[in-house]
Structure formats: C-alpha cells, structure tokens
Amino acid sequence: MKDMPSIKLYGANGCHKTHYYQILLDKTGLPYTFLDVEAHKDHAEELRGLYENRKLNFPTITIGSKKLRNPDKEELEKWLNKLIPSRIPIIHDIDNQQFTLNINGEIAKVEYQLRNDKMYLVHSEVPYQLRGRGFGKVLVDKTFEKLTEEGYQAVAICSYIKAVKNRSEKWNTLIQ
C-alpha cells in the first residue's frame with residue numbers, strides 16, 4: 001500500500017462531538033492531527049477551504065483527500081478500512097485453507113494447499129471494485145507475516161504472490 005494518508009480532525013476543544021471523535025480516533029491507534037478551529041484562525045481558514053459555502057463545518061475529519069462531516073462510528077470505520085487497509089487484521093481460515101481480509105464486507109483472499117509440510121500459495125483474489133488500490137499487496141504481505149508467525153514454510157505459486165515476494169528482500173528470502 002502506498003503511504004498512509006494523513007488524518008485530520010477539525011473541531012474545537014469545547015465541542016462534545018469533537019471530543020467524541022478524538023476518543024474514536026485515539027482507539028484506532030492511528031496518528032492524526034487535531035486542528036482547533038476556534039483557537040487558531042489558520043485552522044479555521046483551512047477548514048473553510050474544504051467547503052464551497054466556506055462555512056466552519058466542524059467537526060470534520062479528513063483522511064487524505066476524503067472529507068467526512070459528522071460521520072457515525074460505522075461510516076468512519078468503513079472509510080478508515082477502505083483508505084488504510086493495512087489496519088485490517090488477517091484471518092487464517094484453516095478449514096478452508098485460506099487467509100482472508102474483510103474489507104467492509106468484501107473478502108480478499110489467498111488460497112493455499114498443504115503438501116509435504118509446506119504451504120503452497122496457489123491463488124490470490126481481491127474483489128473487482130477494490131482492485132488497483134493496493135489491497136492485493138497488503139493481503140499478500142499480511143499473509144506472509146501470518147504464515148511465518150505461525151511457523152509455516154511457504155511456496156509462492158500464484159504469479160501475483162510471486163511478484164510481491166520477488167519485490168521484497170525480506171520475503172524473497174523467507175518464501176520459496
């Protein structure tokens with residue numbers, strides 16, 4: 001995934017909704033910048049520049065270029081997952097021999113087969129509407145991390161998985 005987008009919270013210290021979003025963002029563990037639009041005129045001007053009507057609409061959260069005005073908790077979580085997929089935990093589904101990332105209800109997966117005490121990574125798939133945004137690389141990197149953490153030796157069979165492995169000095173030595 002490309003660099004993580006910056007997260008900004010435009011609000012005011014005395015605003016209960018701003019405080020609510022500070023708590024939500026603190027719980028994510030992601031770095032963000034709080035910009036107090038009442039205490040700093042330049043922060044207020046930056047926020048006004050985000051809206052055509054130039055109003056001081058706060059609280060507003062920006063994640064990169066995505067602007068969220070008073071999102072509910074679920075909408076904020078959805079956009080964080082969509083724009084920062086590296087924060088999504090990978091699941092090792094042993095019964096179905098796959099690793100999965102649940103990206104807002106869309107499942108990206110790496111399928112494998114176990115033979116001779118090795119995990120053969122045979123297929124990777126990212127839902128069509130999520131392709132081209134770095135989710136595939138995040139999926140494969142997280143798969144590599146998880147399988148090595150669990151003590152598996154792996155062989156990359158899928159051409160995309162091989163490409164990710166070959167581009168990484170770390171994975172090129174650990175994954176066959």
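As the structure is a prediction and not an experimental result, all values here were calculated from the model. Just so it is clear, the values below take in all heavy atoms, side chains as well, and ignore hydrogens, waters and symmetry mates.
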> Between Glu52 and Arg54, is a salt bridge (charged side-chain N to carboxylate O under 4.0 Å, His left out) present by the stated rule, with each step listed?
Replying inline: CA-CA 5 Å; Glu52 281 187 34; Arg54 308 254 326 134; over 6 Å; no
Beyond-backbone contact of [X] with [Y], side-chain heavy atoms, under 4.5 angstrom:
{"X": "Asp26", "Y": "Tyr32", "value": "yes"}
{"X": "Thr33", "Y": "Ile7", "value": "no"}
{"X": "Leu80", "Y": "Arg87", "value": "yes"}
{"X": "Ile84", "Y": "Pro5", "value": "yes"}
{"X": "Ile90", "Y": "Val138", "value": "no"}

> Are Val164 and Val126 connected in a single hydrophobic cluster, I mean Ile/Leu/Val/Met/Phe/Trp/Tyr linked by side-chain heavy atoms less than 4.5 Å apart?
Replying inline: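 Same hydrophobic cluster.
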> Taking a hydrophobic cluster as the set of Ile, Leu, Val, Met, Phe, Trp and Tyr residues connected by side-chain heavy atoms closer than 4.5 Å, whether directly or through intermediates, do Ile161 and Leu101 fall within one such cluster?
Replying inline: yes
> Between Leu25 and Leu30, does a side-chain contact (heavy atoms from CB on, under 4.5 Å) hold up when you go through it step by step?
Replying inline: CA-CA 7 Å; Leu25 289 169; Leu30 296 169; over 6 Å; no
> Gln98 pairs by side chain to side chain contact (heavy atoms under 4.5 Å, CB included) with which of Val110, Ile107, Asp93?
Replying inline: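 Running side chain to side chain contact (heavy atoms under 4.5 Å, CB included) over Val110, Ile107, Asp93 with Gln98 returns exactly one hit, Asp93.
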Closest approach of [X] to [Y] (non-hydrogen atoms, all atoms of both residues):
{"X": "Pro71", "Y": "Ile61", "result": "CG-CD1, 4.2 Å"}
{"X": "Asn81", "Y": "Phe135", "result": "O-CE2, 4.0 Å"}
{"X": "His43", "Y": "Leu35", "result": "CE1-CD2, 3.2 Å"}
{"X": "Lys73", "Y": "Tyr20", "result": "CB-OH, 3.6 Å"}
{"X": "Tyr112", "Y": "Ile94", "result": "OH-CA, 3.7 Å"}
{"X": "Tyr120", "Y": "Ile157", "result": "CD2-CD1, 3.9 Å"}

For [X], is the [atom1] atom crowded, meaning more than 12 foreign heavy atoms sit under 6.0 Å from it?
{"X": "Asn116", "atom1": "CG", "result": "no"}
{"X": "Asp117", "atom1": "CG", "result": "no"}
{"X": "Lys17", "atom1": "NZ", "result": "no"}
{"X": "Lys162", "atom1": "NZ", "result": "no"}

> Can Val155 and Ile175 be said to form a side-chain contact (heavy atoms from CB on, under 4.5 Å), step by step?
Replying inline: CA-CA 6 Å; Val155 178; Ile175 309 294; over 6 Å; no
Between atom [atom1] of [X] and atom [atom2] of [Y], what is the distance when rounded to the nearest 0.5 Å?
{"X": "Met119", "Y": "Thr143", "atom1": "CE", "atom2": "OG1", "answer": "9.0 Å"}
{"X": "Leu68", "Y": "Lys66", "atom1": "CG", "atom2": "NZ", "answer": "6.0 Å"}
{"X": "Leu50", "Y": "Lys8", "atom1": "CG", "atom2": "NZ", "answer": "8.0 Å"}
{"X": "Thr60", "Y": "Asn70", "atom1": "OG1", "atom2": "CG", "answer": "7.5 Å"}
{"X": "Gln153", "Y": "Thr148", "atom1": "CD", "atom2": "OG1", "answer": "11.5 Å"}
{"X": "Leu24", "Y": "Leu9", "atom1": "CG", "atom2": "CG", "answer": "10.0 Å"}

> Which of parallel (below 30°), tilted (30 to 60°) and perpendicular (above 60°) describes His92 and Tyr152?
Replying inline: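 Judged by the thresholds at 30° and 60°, the geometry between His92 and Tyr152 is perpendicular.
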For the backbone of [Y] and the side chain of [X], can you confirm whether one donor and one acceptor N or O come within less than 3.5 Å of each other?
{"X": "Arg69", "Y": "Phe58", "answer": "yes"}
{"X": "Lys142", "Y": "Ile88", "answer": "yes"}
{"X": "Tyr160", "Y": "Lys137", "answer": "yes"}
{"X": "Thr62", "Y": "Ser65", "answer": "no"}

> Given Lys67 and Tyr51, is the side-chain contact (heavy atoms from CB on, under 4.5 Å) satisfied, shown in steps?
Replying inline: CA-CA 10 Å; Lys67 174 180 65 185; Tyr51 293 96; 3.7 Å; yes
>> If you take the centroid of each ring, where Trp contributes its six-membered ring, are Tyr10 and Phe34 closer together than 6.0 Å?
In response: no
>> Show, in sequence, the C-alpha distance, side-chain angles and deciding distance for Glu106 and Gln129, and conclude whether the side-chain contact (heavy atoms from CB on, under 4.5 Å) test is met.
In response: CA-CA 9 Å; Glu106 301 286 339; Gln129 61 274 20; 2.9 Å; yes
> Between Glu125 and His123, does a side chain to side chain donor-acceptor pair (under 3.5 Å) hold up when you go through it step by step?
Replying inline: CA-CA 7 Å; Glu125 184 176 324; His123 179 69; 3.0 Å; yes
>> side chain to side chain donor-acceptor pair (under 3.5 Å) for Lys165 and Gln176? Distances and angles first, verdict last.
In response: CA-CA 9 Å; Lys165 170 191 90 82; Gln176 296 179 359; over 6 Å; no
